[in-house]
Amino acid sequence: MKSIGYTTGVYDLFHIGHLNLLRRAKLECDNLIVGVTTDELSESRKGKRPIIPFTERMEIVSQIKFVDEVVPQTNMDKMEAWRNIKFNKMFVGDDWKGSDKWNQLEKEFAAVGVEIVYFPYTQHTSSTKLREILEKI
């Protein structure tokens with residue numbers, strides 16, 4: 001049986017941390033599906049619109065050789081995503097590990113046979129840091 005992996009992100013100002021996560025995720029599954037957060041969802045969750053527009057971020061991520069399919073992430077309901085995609089593994093940065101939200105999601109996903117896999121968060125770069133630098137220019 002082929003394993004289907006799923007991960008999500010805004011992928012604004014695509015950087016090495018994004019690439020590392022997608023590379024590691026692909027090593028853990030046969031088919032990697034990536035949810036790219038829409039501009040509207042990002043703005044409602046983070047209070048700011050991504051610098052790179054949604055359609056361009058979708059195109060960038062779809063061209064990464066580790067990615068098999070790209071889908072829009074229009075809400076934060078991970079179980080809804082699972083019902084639509086039926087993934088076996090979900091990949092998340094380890095900055096979320098141990099949080100109340102992800103502890104609960106681990107229980108919910110375990111009940112349907114989905115493994116949550118945490119990858120190390122790239123500390124030295126992030127879209128937030130890149131955005132801060134751009135705003136100073």
Side-chain angles (χ1 to χ4, degrees):
M1 182 174 105
K2 277 189 152 189
S3 64
I4 299 172
Y6 180 66
T7 191
T8 63
V10 178
Y11 301 103
D12 195 21
L13 304 172
F14 196 90
H15 56 74
I16 192 68
H18 297 138
L19 188 63
N20 288 339
L21 187 138
L22 297 174
R23 178 187 298 119
R24 293 200 59 190
K26 181 62 178 178
L27 291 173
E28 299 279 335
C29 64
D30 297 311
N31 192 33
L32 178 61
I33 300 173
V34 179
V36 176
T37 304
T38 63
D39 291 342
E40 294 76 15
L41 179 59
S42 181
E43 196 165 16
S44 71
R45 299 275 303 162
K46 296 184 174 191
K48 57 189 175 192
R49 201 164 185 87
I51 291 173
I52 308 296
F54 170 70
T55 55
E56 293 179 24
R57 292 181 286 113
M58 287 277 288
E59 179 65 19
I60 291 166
V61 174
S62 74
Q63 296 303 311
I64 304 299
K65 69 179 181 182
F66 314 116
V67 175
D68 296 298
E69 183 179 344
V70 178
V71 297
Q73 179 182 230
T74 59
N75 65 54
M76 299 302 291
D77 187 339
K78 305 301 186 194
M79 290 306 287
E80 179 182 313
W82 175 78
R83 286 189 292 276
N84 291 331
I85 298 170
K86 298 293 187 197
F87 50 83
N88 313 95
K89 293 183 178 183
M90 183 166 194
F91 306 106
V92 183
D94 68 358
D95 50 325
W96 294 105
K97 190 171 188 173
S99 68
D100 291 343
K101 175 184 176 180
W102 283 92
N103 286 340
Q104 181 61 36
L105 283 170
E106 284 182 27
K107 290 177 188 171
E108 292 174 22
F109 278 121
V112 295
V114 173
E115 177 186 3
I116 306 287
V117 180
Y118 295 95
F119 291 139
Y121 182 78
T122 303
Q123 296 292 330
H124 67 277
T125 190
S126 72
S127 296
T128 300
K129 288 179 182 175
L130 294 173
R131 187 182 187 111
E132 288 171 0
I133 291 168
L134 286 173
E135 289 173 350
K136 291 178 183 175
I137 296 175

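Please read these numbers as outputs of a predicted model, since none were measured by experiment.
Under the 4.5 Å side-chain heavy-atom criterion for grouping Ile, Leu, Val, Met, Phe, Trp and Tyr, Val36 is connected to Val67 within one hydrophobic cluster. Connection of Val92 to Val10 is not established within any shared hydrophobic cluster, with ILVMFWY side chains joined at heavy-atom distances below 4.5 Å, either directly or through further cluster members. Two different hydrophobic clusters hold Val70 and Leu41 under the rule that ILVMFWY side chains link at heavy-atom gaps under 4.5 Å. Using a 4.5 Å cut-off between side-chain heavy atoms of Ile, Leu, Val, Met, Phe, Trp and Tyr, with links allowed through other members, Ile85 and Phe66 fall into different hydrophobic clusters. Under a hydrophobic clustering in which Ile, Leu, Val, Met, Phe, Trp and Tyr are joined whenever their side-chain heavy atoms come within less than 4.5 Å, directly or via other members, Ile60 and Val71 fall into different clusters.
Atoms CD1 and CE, on Ile4 and Met90 in that order, are 14.0 Å from each other to the nearest 0.5 Å. For the atom pair CG of Asp39 and CD1 of Ile51, the computed distance is 11.5 Å after rounding to the nearest 0.5 Å. Between atom CD of residue Glu40 and atom CG of residue Asn75 there is a gap of 12.5 Å, rounded to the nearest 0.5 Å. Residue Ile52 holds its CD1 atom at 15.0 Å from CE of Met58, rounded to the nearest 0.5 Å. Between the CZ atom in Arg83 and the CD atom in Glu80 there is a gap of 6.0 Å [rounded to 0.5 Å]. Here CG of Asn103 is found 9.5 Å from NZ of Lys97. Values are rounded to the nearest 0.5 Å.
Considering only heavy atoms from C-beta on, Asp68 comes within 4.5 Å of Lys26 through its side chain. A heavy-atom distance below 4.5 Å is found between the side chains of Met79 and Val112. In this structure, Phe14 and Leu19 have side chains that are in contact, with non-hydrogen atoms separated by less than 4.5 Å. Looking at heavy atoms from C-beta onward, Leu105 lies in side-chain contact with Lys78 at the 4.5 angstrom threshold. The shortest distance between side-chain heavy atoms of Phe54 and Ser42 does not fall below 4.5 Å.
Within the 3.5 Å criterion, the main-chain N or O of Val114 finds no donor-acceptor partner in the side chain of Asn88. Of the possible donor and acceptor atoms, none in the side chain of Arg57 sits under 3.5 Å from a partner among the backbone N and O of Tyr11. For Thr7 (side chain) and Val34 (main-chain N/O), no donor-acceptor pair under 3.5 Å exists by modelled atom type.
Looking only at atom types and distance, the side chain of Glu106 has a donor-acceptor partner in the side chain of Tyr118 under 3.5 Å away.
A tilted orientation is assigned to the rings of Phe87 and Phe109, their planes being inclined by 30° to 60°.
Counting heavy-atom neighbours within 6.0 Å of Arg23 CZ, excluding the residue itself, gives a total above 12. Open room surrounds NZ on Lys107; 12 or fewer heavy atoms of other groups in view lie less than 6.0 Å from it. Enclosure of atom NZ in Lys86 by more than 12 non-hydrogen atoms of other residues, nucleotides or ligands within 6.0 angstrom is indicated.
Taking both residues in full, the closest heavy atoms of Pro120 and Arg24 are given as CD-NH1, 2.9 Å, listed atom of the first, atom of the second, then distance. The minimum heavy-atom distance between Lys89 and Glu28, with the atom names listed, is NZ-O, 3.0 Å.
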query: Stepwise, does the side-chain contact (heavy atoms from CB on, under 4.5 Å) test hold for Leu22 with Phe91?
result: CA-CA 9 Å; Leu22 297 174; Phe91 306 106; over 6 Å; no
message: Does Gln73 form a side-chain contact (heavy atoms from CB on, under 4.5 Å) with Thr8? I'd like the steps, not just the answer.
response: CA-CA 7 Å; Gln73 179 182 230; Thr8 63; 3.4 Å; yes
